Participant: 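Can you keep this structure in mind? I'll have questions shortly.
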Amino acid sequence: MIPYGRQDISEADVEAVVRALKSDFLTQGPMVPRFEEALAHKVSARHAIAVNSATSALHIAVSALGLGKGDLLWTSPITFVASANCARYVGADVDFVDIDPDTFNMSPQALAFKLEEAKAAGRLPKVIVPVHMGGQSAAMKEISDLVRPLGIRILEDASHAIGGEYEGLPVGAGLYSDVTVFSFHPVKIVTTAEGGVAVTNDEQLAQKMALLRSHGITRDPGQMTQSPDGPWYYQQIELGWNYRMTELQAALGFSQLDRLDQFVDRRNALADRYDDELTKLPLALPGRQAQTRSSFHLYIIRLLNPASDQHRLVFQRLRDEGIGVNIHYIPVHLQPYYRDLGFDVGDFPVAEEYYSRAISIPLYHSLDDVEQSKVISAVASAVCDE
């Protein structure tokens with residue numbers, strides 16, 4: 001089976017993890033700050049707070065932004081559920097903004113329309129979470145221009161997009177947002193086995209997120225409510241969580257960062273070949289925006305006007321032929337948990353139309369030319385025969 005994605009682990013990565021394993025620290029040592037500093041530099045951000053998953057990063061980010069009970073968060077319906085769940089963790093409500101049919105990202109036009117409705121109803125979101133679907137940045141300047149004058153905070157879910165660019169800057173530079181989150185799950189661009197990070201240019205947000213990832217506990221006398229009893233002293237000044245990244249994870253991530261540009265270049269070359277070879281087929285291919293460079297976590301094809309059941313048949317045919325395709329994603333608002341909150345079929349028609357046609361085909365750094373040829377041949381047969 002050729003998977004839709006997989007990690008790429010070098011001997012240097014293995015050696016880095018072994019060194020960490022043999023060091024004095026397995027957690028709360030020097031490797032995590034070293035990784036954070038290197039990553040912040042790579043994405044042109046001032047601060048990075050590494051955690052055990054991107055979901056945890058989203059949670060501490062919305063908490064630091066002050067989202068809570070009675071507040072509202074908007075995100076895209078085409079994303080992993082964590083982009084919405086982070087609001088529910090802090091007692092906030094969730095709503096969605098439909099997607100652009102070419103990029104699969106939040107549509108600025110749909111956002112503008114929804115904001116006018118929200119202003120009229122007197123209930124604007126406190127936080128908006130644009131998702132960089134598949135590795136291509138959302139239209140962040142347009143989104144920022146719409147929401148920042150209204151006092152709405154912006155959290156970029158860039159779980160797919162480390163190594164990508166927007167307007168010539170790295171995704172994560174934070175020109176149009178308050179916080180950006182990346183994922184280091186094994187199928188992402190670089191991996192820490194499991195892990196995530198929140199980056200920001202705001203020192204106060206960085207301090208708050210660092211506090212929240214480790215139980216809300218500080219050893220900094222400047223943050224305490226009284227003078228320390230002694231050098232052993234600590235205080236819990238917030239209700240936080242244990243979301244810390246281990247030294248082993250950070251060592252792997254630090255090593256992987258050396259190859260980030262190589263990974264993204266190879267993914268773009270593979271995507272270019274898919275564009276060239278698949279353009280002859282009755283498919284819609286991923287739209288590319290001039291102001292972006294995608295990191296191409298995913299390459300998503302869409303069937304054109306599929307007949308009844310064709311989507312499922314093409315998907316199953318490819319799986320049967322050893323092509324590990326997947327669907328990214330089932331619209332979040334159609335999940336039973338969110339339908340119980342009042343969402344229903346028809347609420348976000350562009351996202352639902354996308355879901356009925358989309359298939360993610362294999363794309364990862366070590367996918368070789370022979371394997372990619374097999375994928376292209378199998379896609380051509382399945383699309384034309386079913």
Side-chain angles (χ1 to χ4, degrees), residues 1-43 45 48-57 80 135 158-164 170-172 181-199 213-214 242-271 295-299 322-324 326 360 362-372 374-375:
M1 179 74 76
I2 301 173
Y4 83 85
R6 63 171 299 163
Q7 68 274 14
D8 188 296
I9 304 298
S10 69
E11 282 304 312
D13 295 337
V14 174
E15 291 168 5
V17 173
V18 171
R19 282 195 301 273
L21 190 60
K22 292 180 176 180
S23 75
D24 292 336
F25 296 93
L26 298 184
T27 188
Q28 294 178 276
M31 201 65 235
V32 170
R34 188 179 177 195
F35 175 51
E36 289 172 331
E37 182 179 1
L39 190 138
H41 176 75
K42 190 67 179 176
V43 303
I49 299 87
V51 288
N52 57 7
S53 72
T55 301
S56 298
F80 187 60
S159 294
H160 295 185
I162 192 166
V171 171
V181 165
F182 297 109
S183 171
F184 304 125
H185 183 276
V187 298
K188 299 303 197 309
I189 315 300
V190 296
T191 187
T192 59
E194 283 276 9
V197 70
V199 300
R213 74 165 164 194
S214 191
N242 183 358
Y243 285 166
R244 294 189 300 264
M245 177 178 279
T246 69
E247 293 289 281
L248 279 68
Q249 291 170 302
L252 177 56
F254 184 81
S255 178
Q256 288 252 307
L257 274 182
D258 282 344
R259 294 190 290 154
L260 175 59
D261 294 342
Q262 175 186 328
F263 288 159
V264 173
D265 287 347
R266 175 60 178 163
R267 286 172 175 269
N268 270 267
L270 291 165
S295 57
F296 271 108
H297 164 52
L298 300 172
Y299 191 93
I323 310 301
N326 213 330
S360 300
L363 182 66
Y364 48 92
H365 175 255
S366 59
L367 182 71
D368 63 37
D369 293 343
V370 173
E371 290 171 322
Q372 190 179 27
K374 182 178 178 183
V375 174

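These figures come from a predicted structure and were not determined experimentally.
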Participant: I need the M245 CE to R213 CZ distance, nearest 0.5 Å.
Facilitator: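 Interatomic distance, M245 CE to R213 CZ, rounded to 0.5 Å: 9.0 Å.
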
Participant: Determine yes or no for a side-chain-to-main-chain donor-acceptor pair under 3.5 angstrom, with H365 supplying the side chain and V190 the backbone.
Facilitator: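 Not confirmed, H365 side chain does not pair with V190 backbone.
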
Participant: I'd like to know if the side chain of Q256 reaches the main chain of D8, judged simply by a donor and an acceptor atom lying under 3.5 Å from each other, with no hydrogens or angles considered.
Facilitator: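 Side chain of Q256 to backbone of D8: a pair is present.
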
Participant: Closer than 3.5 angstrom, by distance alone: can the side chain of Q249 be matched with the main-chain N or O of E194 as a donor-acceptor pair?
Facilitator: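 Yes; at least one donor-acceptor contact below 3.5 Å.
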
Participant: Can a donor-acceptor pair be found between the side chains of S255 and D13 at a distance below 3.5 Å?
Facilitator: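 There is such a pair (donor and acceptor under 3.5 Å, judged by atom type) between the side chains of S255 and D13.
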
Participant: Mark yes or no for whether T191, through its side chain, and F184, through its backbone, hold a donor-acceptor pair below 3.5 Å.
Facilitator: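 Yes.
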
Participant: Could you tell me whether R244 atom CZ has more than 12 heavy atoms of other residues or ligands within 6.0 Å of it?
Facilitator: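 Correct, the count exceeds 12.
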
Participant: Please tabulate, one pair per line, all N/O donor-acceptor pairs under 3.5 Å involving side-chain atoms of residues 15-32, not counting sequence neighbours.
Facilitator:
unit_1, atom_1, unit_2, atom_2, d
S23, OG, A20, O, 2.7
S23, OG, F25, N, 3.3
S23, OG, F25, O, 2.9

Participant: Please report the closest heavy-atom contact between A45 and V199, naming both atoms and the distance.
Facilitator: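 Closest approach of A45 to V199: CB-CB, 3.9 Å.
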
Participant: Kindly compute the distance separating CG (L270) from CG (L363), expressed to the nearest 0.5 Å.
Facilitator: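 The CG atom of L270 sits 5.5 Å away from the CG atom of L363.
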
Participant: Give a yes or no on whether Q262 atom CD has more than 12 heavy-atom contacts from other residues, nucleotides or ligands under 6.0 Å away.
Facilitator: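 More than 12 within 6.0 Å, yes.
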
Participant: Minimum heavy-atom separation for S183 to A54, with atom names?
Facilitator: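 Result for this residue pair: CB-CB, 3.6 Å.
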
Participant: What pairs with A198 under side-chain contact (heavy atoms from CB on, under 4.5 Å), at least two apart in sequence or on another chain?
Facilitator: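 Listed in chain order: A57, V179, V181, M209.
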
Participant: Please report the interatomic distance OG(S159) to CZ(F182), rounded to the nearest 0.5 Å.
Facilitator: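 S159 atom OG to F182 atom CZ measures 9.0 Å (nearest 0.5 Å).
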
Participant: Any chance you could measure S214, atom OG, to I49, atom CD1, to the nearest 0.5 Å?
Facilitator: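 Result: 13.0 Å between the selected atoms.
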
Participant: Check T192 against G253 and note the closest heavy-atom contact, atom names and distance.
Facilitator: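 Scanning both residues, the minimum pair turns out to be CG2-CA, 3.6 Å.
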
Participant: In Å and rounded to the nearest 0.5 Å, what is the OG1 to OH distance from T55 to Y243?
Facilitator: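 Taking OG1 in T55 and OH in Y243, the distance rounds to 8.5 Å.
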
Participant: For L367, does its backbone N or O pair with a side-chain atom of R266 as donor and acceptor, under 3.5 Å?
Facilitator: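 Yes, the answer is positive, given that a donor and an acceptor are paired below the 3.5 Å cut-off.
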
Participant: Is the shortest side-chain heavy-atom distance between V197 and I162 below 4.5 Å?
Facilitator: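 No; the side chains remain at least 4.5 Å from each other.
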
Participant: Rounded to the nearest 0.5 Å, how far does CG of L298 lie from NZ of K188?
Facilitator: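 Rounded to the nearest 0.5 Å, the NZ-CG separation comes to 8.0 Å.
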
Participant: Looking at every non-hydrogen atom in both residues, tell me the closest pair between F35 and A50 and how far apart they are.
Facilitator: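 Shortest heavy-atom separation between F35 and A50 comes out as CD2-CB, 4.5 Å.
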
Participant: Where the side chain of E371 meets the backbone of D368, is there a donor-acceptor pair that is under 3.5 Å apart?
Facilitator: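 Such a contact is found between E371 side chain and D368 backbone.
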
Participant: Looking at every heavy atom in both K42 and D261, which two are closest together, and how far apart are they?
Facilitator: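 Taking K42 first and D261 second, the nearest heavy atoms are NZ-OD2, 3.0 Å.
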
Participant: Of all the heavy-atom pairs spanning P3 and Y364, show the shortest one and how long it is.
Facilitator: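 In this case the closest contact between P3 and Y364 is O-CE2, 3.1 Å.
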
